[in-house]
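Reading through the structure tokens given below for one structure.
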Amino acid sequence: MRIGQNPAKSIDSVPQPARVTVAIVTYIPFLSGYYAQSLDVLKACLESIWGNTDPPYDLLVFDNASCPETRAFLTGAHQQNRIQYLVLSDKNVGKGGAWNFIFQAVPGEFIAYADSDIRFYPGWLSSSLAILDAYPRAGMVTACPMRTPEAFYTTTLEWARQESGATLENGKYIPWEVYLQHVLSLGTSEEQAREWYKSRSDWRLTFNGIQALIGAAHFQFTVRKTIIQEFVPFSMNRPMGQVRSLDEQINQAGYLRLTTCEPLVTHMGNRVPEGTSPRSAASPGRSRSLFDLPFIRKPLLRLYDAIFRLYHQ
Amino acid sequence: MRTGKNPAKDGLPAYTPHRLGIALIVYIPFTQGYFENSLQVFGYQLASLRAATSEPFDLLVFDNGSCLEAVSKLKDLHALGQIDWLVLSAHNMGKAGAWNWIFAAMPNELICYADSDVLFRPGWLPASLQVLQAFPKAGMVGAQPNFYDVMEGEGQAHQALHFDPEYRFGDYWPDQGTVDEYCFGIGANDELAAQFHNTPLPSITHQPSDTQAILGASHMQFIIPRQVARQVVPLPATRGLLRAETMSLDHKIDQLGYLHLSTPRAHVFHMGNTVNERLLQEVEQITAIPASHETARKRAPARASRTQRWLTSLAKRPRFQRLLLRAYNLLFRVLYSESQEK
């Protein structure tokens, strides 16, 4: 039976969600072989978010059945309020399954999604939001210029050619070094990268005073929640390999696929780049207050308990 | 850079959810006062769920900003495989805020929600499923007869069935034990209990299958089909536990034309925040595991000192009671607000 009134009823207000939810999916089943450095990569990823994200945001991490070491790190970060929402899945529900959960559940107006092997640089979120705000049909915005198959951006090209206020240019706008770094991170050889770079060009757009390149990819993107919700649920019967359909669907549904002109995120892969080991960045962690001091908190809790017993005796 | 191929891309199958998903919201900001027995009660709930649920299910626990001790316990249960999805929120999003996550994201065809102080009895699922099958427009189905119409007579969805010859409306008189148990669970006083004893519950029967259900469902525990759950979110969520916000669920369900229904028999029981011998006996019966009598013994009244007796008699005076309640709520706010900034 219930004795007394649930104190939750006296909570006058609860924190409202930030405009943006930054969401990361992790899957590090063990710390050897392919995943030997993955925990360090994850730490570098989160540190770069904590240190380089300016607009207010909530951080959600969906852990897709990782090893105890990874979970210990994540729960520690959650306890320090560096992760606002931590979802621990007992089984790997696939990247699609994690996306289904994230894209339907998160409270933010915008969702900034990234795999757990992405490094973020200052301005990544504000630049992405600027593009989303300036381009009314913007679907996915990736904070790194890249070349993607034309089949994924036919809608964007069509819109740019028809929109009188938009300026469309074709040329080599992605610097070779930026292109090379991204392609190498995917495991491609430099020789192959050089050949690809020479044979193709980039599309650059200007609209409402904001420049963007045509592209976008599912490893990192920012999207309006109302738009991404049109595409869930995703098929989720395999851990990976089914998420590329999102790129096609966004294009087919008539939304733009864009990137920032500057590289504001990079793909680390499963190796921490040399000279960039995880560091302690400033974060919006918990600030200890007077009532957190054990010699103050404990007597208050005892008093609280005593009053409860006396009142409901 | 990426070295080698991600083994997850090798076509391994991902986990496929069960038909039934059960979601519980936990909020234990500290383990004193009102919440002294909450972890123990939650343990009984989990044990009863495992013992009394007749088909496999996925269990999601949404922790709404509990204290470290509670979160630690939940993490242990998750590590032991007792919880399939553990959602840890750094702050209390309110009950409606947590529902927004649960109803939007649970992948299961049927979503069962329960507060973290509900005991499940064998048969709760078949009884609920029978109602769901007999009433295709069922939006919420509780496994305990609903005694209190949260819609306060404003519900409209069931009116359409008045013209359907397959359904018959009537009164249902629950047996005395069921009413007593409900009154005990909510801590009803004699006057309120008498009202419940003397008032029949509105019922509806699906005649072809001879399935009877009570009109109305409680927020304490219910099954909501996923396709209905997806339509009711987002719910307004600005307070910890505000009736108007949780009731918006009922209004949306009714406006969408779905029914609030419950089973005529009590297949779940509201444990509340206390542990007593009666509860422990039932937990033992359901789980076949001896339940701990530790708390019951601990709470047994010891011989009170003169000061305690004086304070107890003082606490019965309305003015002093009001003062105590104000002090209690003030302390809760101080301790709670600090937890919120954790």
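A, B, ... follow the sequence lines: proteins, then strands. Residue 1 opens every chain. The structure displayed is predicted, hence computed values, not measured ones.
Neither the backbone nor the side chain of A:Ile102 comes within contact range of chain B; no heavy atom of the residue lies under 4.5 Å from a heavy atom of that chain. Of the atoms belonging to B:Leu60, it is side-chain heavy atoms, and not backbone ones, that fall under 4.5 Å from chain A.
The aromatic rings of B:Phe269 and B:Phe184 lie parallel to each other, their planes meeting at an angle below 30°, with 60° marking the opposite boundary.
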A:Tyr113 and A:Trp99: CA distance, side-chain angles, deciding distance, ring-ring contact (aromatic ring centres under 6.0 Å, His included) verdict: CA-CA 9 Å; A:Tyr113 169 78; A:Trp99 273 9; 5.4 Å; yes

side-chain contact (heavy atoms from CB on, under 4.5 Å) between B:Leu88 and A:Tyr85, worked out: CA-CA 6 Å; B:Leu88 300 173; A:Tyr85 310 116; over 6 Å; no

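Between A:His78 and the choices A:Val61, A:Leu88, A:Leu86, A:Leu59, the side chain to side chain contact (heavy atoms under 4.5 Å, CB included) rule is met once, by A:Leu86.
Ranked by heavy-atom pairs under 4.5 Å with chain A, the first of B:Arg230, B:Met106, B:Glu181 is B:Arg230. Heavy-atom pairs under 4.5 Å with chain B peak, among A:Pro29, A:Ala105, A:Pro233, A:Ala65, at A:Ala105. Residue with the most contacts toward chain B among A:Pro107, A:Pro17, A:Pro68, A:Ser89: A:Ser89 (heavy-atom pairs, distance under 4.5 Å).
Taking both residues in full, the closest heavy atoms of A:Asn81 and B:Ala90 are given as OD1-CB, 3.2 Å, listed atom of the first, atom of the second, then distance.
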